[in-house]
Amino acid sequence: AEPADKHWGLYTDSVRWKQFSQAKLAAELRDFREHGITSLMMYPPSHCKVELEGEGLKIDASEFIRFMEAARRAGLRPPTVFSVQGLPWLIDRLLAGRKDDRLWEKLYRDFCLYFADLARRRGWGEVVFHAIDEPSYRGPSAERAVRWLGILKRAGLTTFTTALSPQLINGPLDSFLDVRCWSVGFVLSSRSANEKAREDARRSGDRLWYYGSGCYTGQEWNMRRNRWLTGFGFYKSGAEGEWSWTFLRPKGDPFNDFDGARYREAKDAMIAYPAPGDEPPIRTPQWEGIREGINDFKYLYAAQRAVEAARGGLRRRLQQRLERLVEKLPWGVAPREAT
């Protein structure tokens, strides 16, 4: 059974889709769904044509619409994260060096409002806007986070950030943030860390998500870690959403681990490998671990529903049994007991 109030998200690396046939795109999206993924990270600035007309924007979003409609046909559902991390550079290019903070912020807001309205008109369900990745507590990164998320929040949009800095999230960003997507250690490393993450989110009226499964160092060819993070660990966390980074982002030749020296981070970042023709991606232990973990969660959720359907003394006994089972699950992002 799949709970409607929980979701498993995936960073799609959708720029690759520009070269895909419809058949190949459909095959990849079906593969996402077959592995239990429910929600996607999508990138409006990468999939539209934008021109400046006076102080307004002319946007052709036909490519983005095609990708979103394909995702919906494949069974992917809300919430969808619209990443606009590339938007500041797009606006800078449109303004061609012109310095006008008022106009810059207007274009930033109008672009995001356009895509929020597009989602509403096409019935895509809830969208959440991601403006900046892992902002620092101090310096330019923090200043950009406050500025960009502030624009979104004042426009009435739902905001999201990946989080590594409690001082920033609980401080200057608190009033501009709707979804706290913590690095997994802030949510699962210990009981006290989990209690703090939940309480901070509750106090601020924010939603609690986390990210950390996927293809980070040590996760390649490792089924167990992803299985824990997307499954029993997610169930125990109490979080609403769990996100995997990143599906297919090679550095050079995806089948050569030693050709990435020219990149800032030389390591390939791939949960799966590209396949020829119109075939779905080539599967890996880390990709299958995500599927197995999501199935683990669904088994526990099915047990929870069975308890709720019981009556009287049987329900109390079953509830106690389920609670004892969950209590036995260890804390940690990769607990030895969970293997």
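Not measured: the values here are computed from a predicted model. Throughout, residue positions are numbered sequentially from 1 according to the sequence presented.
- The shortest side-chain heavy-atom distance between Leu322 and Gln304 falls under the 4.5 Å cut-off.
- Ring centroid separation for the pair Tyr11 and Tyr211 does not come in under the 6.0 Å cut-off.
- Between the side chain of Lys49 and the backbone N or O of Ile59 there is no donor-acceptor pair closer than 3.5 Å.
- A cation-pi contact links Arg147 to Trp104, judged by a cut-off of 6.0 Å to the six-membered ring centre and 45° from its axis.
- Comment: Arg191 engages Glu327 in a salt bridge, judged by a side-chain N to carboxylate O separation of less than 4.0 angstrom.
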Margin query: Arg16 vs Asp13, test: salt bridge (charged side-chain N to carboxylate O under 4.0 Å, His left out). Steps then yes/no.
Written below: CA-CA 6 Å; Arg16 301 172 298 111; Asp13 301 309; 5.2 Å; no

Passes side chain to side chain contact (heavy atoms under 4.5 Å, CB included), Val84 versus Cys112? Steps please.
CA-CA 8 Å; Val84 292; Cys112 295; 4.1 Å; yes

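- To the nearest 0.5 angstrom, Ile290 atom CD1 is 7.0 Å from Leu10 atom CG.
- Side-chain atoms of Trp228 and Asp296 include no donor-acceptor pair closer than 3.5 Å.
- Side chains of Glu199 and Lys196 form no contact here, defined as non-hydrogen atoms less than 4.5 Å apart.
- In summary, Glu69 and Arg122 engage in a salt bridge, as defined by a charged side-chain N under 4.0 Å from a carboxylate O.
- His47 and Ser14 share a donor-acceptor pair across their side chains, judged by distance under 3.5 Å alone.
- Side-chain contact, Arg291 with Asn295: no donor N or O sits under 3.5 Å from an acceptor N or O.
- Side-chain contact annotation: Glu240 with Trp209, donor-acceptor N/O pair under 3.5 Å present.
- At a threshold of 4.0 Å, the pair Lys267-Glu220 counts as salt-bridged, since one of the basic side-chain nitrogens sits closer than that to a carboxylate oxygen.
- Put simply, the side chain of Leu95 does not reach to within 4.5 Å of the side chain of Asp100, judged on heavy atoms.
- A distance of 6.0 Å or more separates the ring centres of Trp148 and Phe176.
- Donor-acceptor pairing under 3.5 Å is recorded for the side chains of Thr80 and Arg72.
- Across all their heavy atoms, Glu28 and Pro281 have their closest contact at OE1-CG, 3.6 Å.
- Closest approach of Phe129 to Val127, counting heavy atoms only: CE1-CG2, 3.9 Å.
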### Query
Yes or no on salt bridge (charged side-chain N to carboxylate O under 4.0 Å, His left out) for Lys18 and Glu63, after CA distance, side-chain angles and deciding distance?
CA-CA 8 Å; Lys18 292 174 179 285; Glu63 181 176 89; 2.7 Å; yes

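- Ser213 and Arg227 share no side-chain donor-acceptor pair at under 3.5 Å.
- Lys106 contributes a side-chain N or O that, together with a main-chain N or O of Glu55, makes up a donor-acceptor pair within less than 3.5 Å.
- Residues Arg202 and Glu195 are not paired through a salt bridge, judged by the lack of any N-O separation under 4.0 Å between the basic side chain and the carboxylate.
- Annotation: Tyr210 is not in aromatic contact with Trp182 [ring centroid separation under 6.0 Å not met].
- Under a 4.0 Å N-O distance rule, the pair Glu126/Arg207 qualifies as a salt bridge.
- You'll find the ring centres of Phe115 and Phe64 inside the 6.0 Å limit.
- At a threshold of 4.0 Å, the pair Lys6-Glu242 does not count as salt-bridged, since none of the basic side-chain nitrogens sits closer than that to a carboxylate oxygen.
- Tracing side-chain contacts under 4.5 Å through hydrophobic residues (I, L, V, M, F, W, Y), one never reaches Phe255 starting from Tyr263; they form parts of separate clusters.
- Looking at Pro45 and Trp89, their side chains never come closer than 4.5 Å, going by heavy atoms from C-beta outward.
- Taking the side chain as every heavy atom from C-beta outward, Leu229 and Gln219 approach each other to under 4.5 Å.
- Across all non-hydrogen atoms, the minimal contact from Ala74 to Leu29 is CB-CB, 3.6 Å.
- You'll find the side chain of Asp174 reaches within 4.5 Å of the side chain of Asp206, heavy atoms only.
- Hydrophobic clustering of Ile, Leu, Val, Met, Phe, Trp and Tyr side chains at less than 4.5 Å, counting indirect connections, unites Leu149 with Leu113.
- The heavy-atom pair separating Ala197 from Val187 by the smallest distance is CB-CG2, 4.3 Å.
- Aromatic pair Phe297/Phe232: centroids not less than 6.0 angstrom apart.
- One distance of note links CG of Leu40 with OG1 of Thr12; it measures 6.0 Å at 0.5 Å rounding.
- Between atom OG of residue Ser237 and atom CH2 of residue Trp331 there is a gap of 7.5 Å, rounded to the nearest 0.5 Å.
- Looking at every heavy atom in both residues, Leu118 comes nearest to Ala61 through CD2-CB, 4.1 Å.
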Met223 vs Gln286, side chain to side chain contact (heavy atoms under 4.5 Å, CB included): CA-CA, chis, key distance, verdict: CA-CA 5 Å; Met223 182 178 286; Gln286 59 265 27; over 6 Å; no

- [ ] Check step by step if side-chain hydrogen bond (donor to acceptor under 3.5 Å, both in side chains) holds for Asp31 and Trp287.
- [x] CA-CA 10 Å; Asp31 195 58; Trp287 189 215; 2.9 Å; yes

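- A cation-pi arrangement, defined by a distance under 6.0 Å to the six-membered ring centre and an angle within 45 degrees of its axis, is absent between Lys298 and Tyr301.
- If you check the side chains of Ser21 and Asp278, you find a donor sitting under 3.5 Å from an acceptor.
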request  = Evaluate salt bridge (charged side-chain N to carboxylate O under 4.0 Å, His left out) for Lys153 paired with Asp178, printing each intermediate quantity in order.
outcome  = CA-CA 9 Å; Lys153 188 67 174 176; Asp178 296 308; 2.5 Å; yes

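- Lys24 places a side-chain N or O within donor-acceptor distance of the main-chain N or O of Gly277, the cut-off being under 3.5 Å.
- When atom types are taken as modelled, the side chain of Ser39 and the backbone of Gly9 share no donor-acceptor pair closer than 3.5 angstrom.
- Side-chain N/O atoms of Thr246 and Arg249 include a donor and acceptor closer than 3.5 Å.
- In the model, Trp243 has a side-chain atom that pairs as donor or acceptor with a side-chain atom of His7 under 3.5 Å.
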>> Show, in sequence, the C-alpha distance, side-chain angles and deciding distance for Arg138 and Glu143, and conclude whether the salt bridge (charged side-chain N to carboxylate O under 4.0 Å, His left out) test is met.
In response: CA-CA 8 Å; Arg138 289 188 175 91; Glu143 294 168 4; over 6 Å; no

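- For Arg224 (side chain) and Asn222 (main-chain N/O), no donor-acceptor pair under 3.5 Å exists by modelled atom type.
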Legend entry - Residues Arg198, Arg203; criterion side chain to side chain contact (heavy atoms under 4.5 Å, CB included); working and verdict: CA-CA 9 Å; Arg198 290 202 205 194; Arg203 175 181 47 78; over 6 Å; no

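- Glu2 and Arg33 are joined by a salt bridge, as a carboxylate oxygen and a charged side-chain nitrogen come within less than 4.0 angstrom of each other.
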Next on the checklist: Is there a side chain to side chain contact (heavy atoms under 4.5 Å, CB included) between Ile169 and Leu177? Walk through the geometry before answering.
Outcome noted: CA-CA 8 Å; Ile169 302 305; Leu177 200 57; 3.8 Å; yes

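- Under 3.5 Å, the side chains of Arg66 and Gln22 contain a donor-acceptor pair of N or O atoms.
- In this structure, the side chains of Thr161 and Cys181 stay at 4.5 Å or more apart for every pair of heavy atoms.
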